[in-house]
Amino acid sequence: DTLKYEGHKYYRNATGNKLEIELKDDEIRATLHYQFYDNISAARTWTSIDNISTENVGLEYVSSFSLTGIGKECETAKRNKMKVSIPHNSWCREVDWQTYTLEELGLHNANSFSMKRINIFNTGTWSTKEHLPMGALADASNASCLMWQIENNGSWQWEISDIAGYLYLKLSGPTENENHWHKELKPGESFESIKTAIVVGTDFNDALQQMTLYRRKIVRYNSADASLPVIFNDYMNCLWADPTTEKMIPVVDKAAEAGAEYYCMDAGWYADGTWWETVGEWQPCAWRFPGGIKEIFDYIRSKGMIPGIWLEIEVMGINCPILPQFTDDCFFVRHGKRVIDHGRYQLDFRNEKVRRFATEVIDRVVTEYGVGYIKMDYNIDGGIGTEVSADSFGDGLLEHNRAYIQWISDIMDKYPELIIENCSSGGMRMDYALLSQHPIQSVTDASDYRHMAPIAAACASAVLPEQAAIWSYPVSADNKYAVITNMVNSMLVRMHLSGEIAGWNEEQFALVKEGVRTYKAIRDNIKGAVPFYPLGVESYHKDWLCAGYKNEKETYLAVWRMDTEKDSLDILLENLCMPAVTDAEIIYPLMDGYQVTADSESLCIALPERFSGVIIHLT
């Protein structure tokens, strides 16, 4: 309440217009930053705090964005019809959007202000273990939708409530109440909050399209990934973290025949027996590769593919053989003891020795093994943070988060042709602090194509289509419809091939190759496409799913029939973001039983079996 307006700046820069508002009291100067973007209804926002006093100032909460007066022109009855969309997230159930009225979440307009908040937050090193760091508030009474995202690879918080009869929205990184964050700012010191983004649209689809355009503005360009190459990874429904030269050769052969352009050796290459608690040395297991690990990577290259490898660089197992080389300050420590989660220690990337060791591992796999792709996984949650060189557990966590982002950025500067995939038990760190650096994101660990379908349908709401890697992993027992749906799941985003590729019959393999060819024919259109959801973004427990992608010239639909007897679906043209459809063509699969027809009002899709899918091109 003591901060007063001091001044502001409004100017042009390389991105667009920038507004800076300066607030001040006797202790601190707060500068509110609003970066606007040309031709996008978006703003990137953050706050910087300077201690201008002669005493320490304790920070417990710093908002990156705050707006009071949402829907201020609405009558109470109309405000009660506003809806908030919240993306729940969990292991193998990622991107689970659910939409509520404010009253359904307990926010009633019964007095001048509420004690109740709609309070969504995440605490720990898994930034998206319960929710994605985004949300949307739609007001149908005036055709508006406000959408936001929080860009931090650790703890964060947002809330909606009311004050003096007005709704407010606040976005923040870690806080003391929710995330154990406290920062002691010494005289002359500064603190910068995490960045957030705000977009506006007429409805959810329109706001999401603006968010998609904004995300493309902040993502680091990677020339090696620009063509959206097809990646084969030998983990899911394939070698299951048990690679050897002997096992890999027939898989490599078939991956190349299927049309893969990268081949990634997944986990287990370092393991001699039980391996979970011994990880961290990152040296190849000799008996797995009698001719050396480089031999199999050279073989992958001889088949016209670029080799890749799996790493989990941020952890060290409690039984890792090189553990005695590292002191306590290399790890997260709480209450005087190293933090253990799931048999691993969490390395602290503020520590120079840790960063140097991690860089040496990358140098070795790139320069000695010849890899051009790294699947960078992360399978623990280091919790609320560390007490080492920190004002609070949350302070240690935030500084580690930022140090890791800087390290990964430095690695990409060093090896610009290296593709590094962001993975965290699938989508447990699906945030745009990490995604602004990584060209590709593993969305989920879901291992069944039927469970994959709702995740695949909704994934582009959370991640750019050209970043969202979805598994296509048929098994030999699959019928032709299951193989097709596997391909449809990944065909309008990023294709991660796997499965029992060496055991597929001729029909199965032909359907996979057809899917890869179709993907390669349309993937250039994915890079500039924005998603939309004709049936709504909520994708779980639905009979039919539909995800649309459009650019200035092309529109594609992925449609899934789930566990329903109804064999056809009608979609109103007004929900397709198109004034008319002159032609509707099925481009995958090219076989009988899949039908699409269009008239002046709607599109009708017929699919032959439960859990079947189709890709449609509209003009």
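Nothing fancy with the numbering, it's 1 onward along the sequence. On a predicted model such as this, the values are computed, not experimentally measured, just so you know. Note that these values count all heavy atoms, side chains included, but never hydrogens, waters or copies made by symmetry.
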Within a radius of less than 6.0 Å around NZ of K129, do more than 12 heavy atoms belonging to other residues, nucleotides or ligands occur?
yes
Treating N489 as the side-chain partner and Y449 as the backbone partner, does any N or O pair qualify as donor plus acceptor under 3.5 Å?
yes
Would you mind telling me which of K527, R216, R494, R523 makes a salt bridge (charged side-chain N to carboxylate O under 4.0 Å, His left out) with E466?
R216
How about R215 and Q467: does a side-chain donor come under 3.5 Å of a side-chain acceptor?
no
Any donor and acceptor pair, going by atom type alone, linking the side chain of T45 with main-chain N or O of S64 inside 3.5 Å?
yes
Tell me if a side-chain donor or acceptor on T47 pairs with a main-chain N or O of S193 at a distance below 3.5 Å.
no
Quick check for you: to the nearest 0.5 Å, what is the distance between L169 atom CG and I198 atom CD1?
5.5 Å
Less than 3.5 Å apart, any donor N or O on the side chain of S127 or W156 sitting next to an acceptor on the other?
no
For K83, is there an ion pair with E538 - N to carboxylate O distance below 4.0 angstrom?
no
Return the minimal non-hydrogen interatomic distance between P133 and D431, and the atom names on each side.
CG-CB, 4.1 Å
Do side-chain atoms of H438 reach the backbone of L434 as a donor and acceptor pair under 3.5 angstrom?
yes
Can you tell me which residue among F326, F332, F331 is in a ring-ring contact (aromatic ring centres under 6.0 Å, His included) with Y345?
F331
Just checking F204 against W97, ring centres under 6.0 Å apart?
yes
Do D329 and T327 have a side chain donor and acceptor closer than 3.5 Å?
yes
So W269 and Y369, would you call those rings parallel, tilted or perpendicular, with 30° and 60° as cut-offs?
perpendicular
Y221 side chain to P439 backbone, donor-acceptor under 3.5 Å
no
Do T99 and S85 have a side chain donor and acceptor closer than 3.5 Å?
yes
For the student: nearest non-hydrogen atoms of E281 and R364, plus distance
O-NH2, 3.6 Å
What I want to check is whether the side chains of N205 and Q209 have a donor and an acceptor closer together than 3.5 Å.
no
Q210 side-chain N/O to A42 backbone N/O, donor-acceptor pair under 3.5 Å:
no
So, for C459 and V493, which heavy atoms are closest and what is the spacing to 0.1 Å?
SG-CG1, 3.8 Å
Are K337 and D328 within salt-bridge range, i.e. N to O under 4.0 Å?
no
Is E314 salt-bridged to R429, going by a charged N under 4.0 Å from an acidic O?
yes
Here the gap from I380 atom CD1 to S425 atom OG, rounded to the nearest 0.5 Å, amounts to 10.0 Å
Considering all heavy atoms of both residues, which atom of C330 and which atom of K353 are nearest to each other, and what is their separation?
SG-CD, 4.3 Å
Does T101 reach the main-chain N or O of E104 with its side chain, forming a donor-acceptor pair under 3.5 Å?
yes
Taking 4.0 angstrom as the limit, do K414 and D363 come out as a salt bridge?
yes
Measure from NZ or CZ of R44 to the centre of the six-membered ring of Y432 and say whether it is under 6.0 Å with the direction within 45° of the ring axis.
no
Does the plane of the ring in F393 sit parallel, tilted or perpendicular to the ring in H180? Use 30° and 60° as the thresholds.
tilted
Is a donor from one side chain sitting under 3.5 angstrom from an acceptor on the other, for T359 and W407?
yes
Could you check whether any side-chain N or O of Q325 sits under 3.5 Å from a backbone N or O of L323, counting only pairs where one atom can act as donor and the other as acceptor?
no
Answer whether the closest heavy-atom distance between the side chains of I86 and L105 falls below 4.5 Å.
yes
Measure the CZ-CD distance between R402 and E192 for me, rounded to the nearest 0.5 Å.
6.5 Å
Heavy atoms only: give me the nearest A458-V95 pair and the separation to one decimal.
O-CG1, 3.3 Å
Is there a donor in the side chain of N119 and an acceptor in the side chain of Q157, or the other way round, less than 3.5 Å apart?
yes
In terms of heavy-atom contacts, I455 and A446 come closest through CD1-CB, 4.0 Å
Under the side chain to side chain contact (heavy atoms under 4.5 Å, CB included) criterion, do I194 and I150 qualify, and how do the steps go?
CA-CA 8 Å; I194 58 89; I150 301 174; 3.3 Å; yes
So N319 and T278, side chain to side chain donor-acceptor pair (under 3.5 Å) or not? Walk me through it.
CA-CA 5 Å; N319 296 321; T278 61; over 6 Å; no
Check against side chain to side chain contact (heavy atoms under 4.5 Å, CB included), L398 and N152:
CA-CA 9 Å; L398 179 59; N152 188 37; 3.9 Å; yes
Is a donor from one side chain sitting under 3.5 angstrom from an acceptor on the other, for W91 and D445?
yes
Worked verdict on T386 versus R338 for side chain to side chain contact (heavy atoms under 4.5 Å, CB included):
CA-CA 9 Å; T386 177; R338 295 181 188 179; over 6 Å; no
Working to the nearest 0.5 Å, report the span between CH2 of W240 and CG of D234.
11.5 Å
Does E178 form a side chain to side chain contact (heavy atoms under 4.5 Å, CB included) with S155? I'd like the steps, not just the answer.
CA-CA 9 Å; E178 287 83 11; S155 300; over 6 Å; no
Quick test of your reading of the model: are D413 and R220 salt-bridged, counting only N-O distances below 4.0 Å?
yes
Any salt bridge between E399 and R350, counting N to O under 4.0 Å?
no
Centre of W276's six-membered ring, under 6.0 Å away, within 45 degrees of the axis: is that where NZ or CZ of R344 sits?
yes
Rounded to the nearest 0.5 Å, what's the gap from OG on S424 to CG on N153? Could you check?
10.5 Å
Mind telling me whether H88 and H131 have parallel, tilted or perpendicular rings, with 30° and 60° as the class edges?
tilted
Output the distance between atom CG (N379) and atom CG (D341), rounded to the nearest 0.5 Å.
10.0 Å
Judged by modelled atom types alone, do Y378 and Q346 share a side-chain donor-acceptor pair under 3.5 Å?
yes
Scan Y61, F121, F191 and name whichever one has a ring-ring contact (aromatic ring centres under 6.0 Å, His included) with W181.
F191
Under the 3.5 angstrom rule, does the side chain of N422 hit a backbone N or O of I440 as a donor-acceptor pair?
no
